[in-house]
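Remember, it's 1-based here, ligands and their atoms both numbered in the order they're listed. In this text the structure is predicted, and so the values were computed from the model without any measurement.
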Amino acid sequence: MNLAERDNNIIWHPYTQMKTAALPVPIVRGEGALLFTEDGKTIIDAVSSWWVNLYGHAHPHIARKVAEQLQTLEHVIFAGFTHPAAVTLAENLLKVLPEGQNRVFYSDNGSTAVEVALKMAIQYWDNTGNPKHKIVAFRDSYHGDTFGAMSVSSRSAFTAPFWSYLFDVEFIDVPVPGKEAQAVEQLQQIAQQQDIAAFIYEPLVLGTAGMVMYRPEVLDQLLSICHANNILTIADEVMTGFGRTGRTFASHYLQQKPDIVCLSKGLTGGTMALGVTTCNEQIYTAFLHDDKAKTFFHGHSYTANPVACAAGLASFDLLQQEETQQNIARITAQHAAFAQQVEQLPHVQEVRQQGTIIAIEFEAGGTSYFSSLRDKLYNFALDKDVLLRPLGNIIYIIPPYCITDQQLQQVYEVITGMHDLVAEARSAE
Ligand SMILES: *Cc1c(COP(=O)(O)O)cnc(C)c1O
């Protein structure tokens, strides 16, 4: 049996209908933006392996630092103990995070970073003797797959079996262009209630919703309403962090600063699982008390794992390099030129771009061909050795920053080819 067949006998893959899924693609090596298959093919990773990879696969600097850390200290309990990698990474992050963030809490991934943020916010109000219980979120948001994270995410088909278990959330519309006033009005109404603990949001780009984008000005308005009404603000920068939107954090486009920030994905350059939740002094001090019941009772076995923190540190070195900033600017400019091209094509409903992220939304046809369009587009790209994962009728690129101009052109050509596929299907309707 080859690797894919051995896998298929015993492994259950994420977000995969195992009954109908094709055999998984066996990857034996990675380098830069490229993945190498067992049978000798080379695939361009145009989605950064689920949005995590920033500087390329098997990056030598990260690999060296991780190897050194493994030979020095692989892990140590983080309650009552500490280690250099965790402290230095926290110092580095606080230097670049939005103003006001000054405490770092470690966990394992994006979902746990969100769980920690929600629990911090809710317990903050409890500790200060003013208990509040409700969270506000965007209707189409995605904050992870654990129960708290699912609760504050869109009530979609993905979570339908669990709806009755999810806690109550006040949803407001995403303030996409044209819907700004509506979203502001909804939040103003909700803010009148006394029971609102926090507002959690994906700043500027809602990833899983289909790279849905909105302007910083309206987010500033929403955050101002929160600040005026004693509602804590939680910026979920799990996807947008570390340069994705053109600035180090999407929150850097804003005047209003968040109370809490969630990070993961690019935090280790896409090498290891690590989550971070940071908060401001006001929240942190609400947990300082002689009464032990005010403690933040949360922690994971691998909290602040030294190897993951070492990957975070090495990744931070790369973020600071001039070359990385040039790459981000280069990809942003290339995307903008490509956007102008595809915008002209028929059956393209909208093209959106924010920094290194570009999304092309094809017209959603009303008929049944459409339900299979996503798989057709996915296979079409993979046949041409490009990894793209459409979200329904939306195709997006979120590449590692090291992707070359030539590789980018190859990805653009595949998307232009996809357009022909869509146009054909539409005219056959
Ligand atoms: C991916 C994602 C998460 C969840 O992160 P995981 O590491 O997959 O649990 C949370 N929030 C946002 C905005 C994300 O894109």
Contacting atoms of ligand 1, where contact means under 4.0 angstrom from a heavy atom of Met239: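 Near Met239, meaning under 4.0 Å from one of its heavy atoms, ligand 1 has 15 (O).
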Which of the ligand 1 atoms, numbered from 1, are nearer than 4.0 Å to a heavy atom of His143: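 Close to His143: 10 (C), 11 (N).
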What is the closest protein heavy atom to [atom], and at what distance does it sit?
atom: atom 14 (C) of ligand 1; answer: Lys265 NZ, 2.9 Å
atom: atom 6 (P) of ligand 1; answer: Gly110 N, 3.5 Å
atom: atom 11 (N) of ligand 1; answer: Asp236 OD2, 2.7 Å

Qualifying residue, where the test is side-chain contact (heavy atoms from CB on, under 4.5 Å) with Leu232 and the options are Ile196, Ile122, Asp259: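 The option that passes is Asp259.
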Per-residue contact class, Trp51 against ligand 1 - non-hydrogen pairs under 4.0 Å: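 Looking at Trp51 and ligand 1, just side chain atoms fall under 4.0 Å.
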Ligand 1 versus Glu202: contacting region, heavy-atom distance under 4.0 Å: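 It is the side chain that touches ligand 1; the backbone stays farther off.
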Under 3.5 Å: N/O of Ser111 near N/O of ligand 1: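 Yes, since at least one N or O of Ser111 sits under 3.5 Å from an N or O of ligand 1.
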Short side-chain to backbone donor-acceptor contact, Ser264 and Leu274, under 3.5 Å: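 Yes, the answer is positive, given that a donor and an acceptor are paired below the 3.5 Å cut-off.
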Geometric class of the Tyr15/Phe158 ring pair [parallel <30°, tilted 30-60°, perpendicular >60°]: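 Correct class here is perpendicular.
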Parallel, tilted or perpendicular: rings of Phe338 and Tyr412 (30°, 60°):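 The rings of Tyr412 and Phe338 lie parallel, inter-plane angle below 30°.
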Exercise check, heavy-atom protein proximity under 4.0 Å to atom 8 (O) of ligand 1: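 It does not; no protein heavy atom is within 4.0 Å.
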Could you tell me if [X] sits above the aromatic ring of [Y], with its cationic atom closer than 6.0 Å to the ring centre and no more than 45 degrees from the axis?
X: Lys384; Y: Phe380; answer: yes
X: Arg139; Y: Phe171; answer: no
X: Arg103; Y: Phe105; answer: no

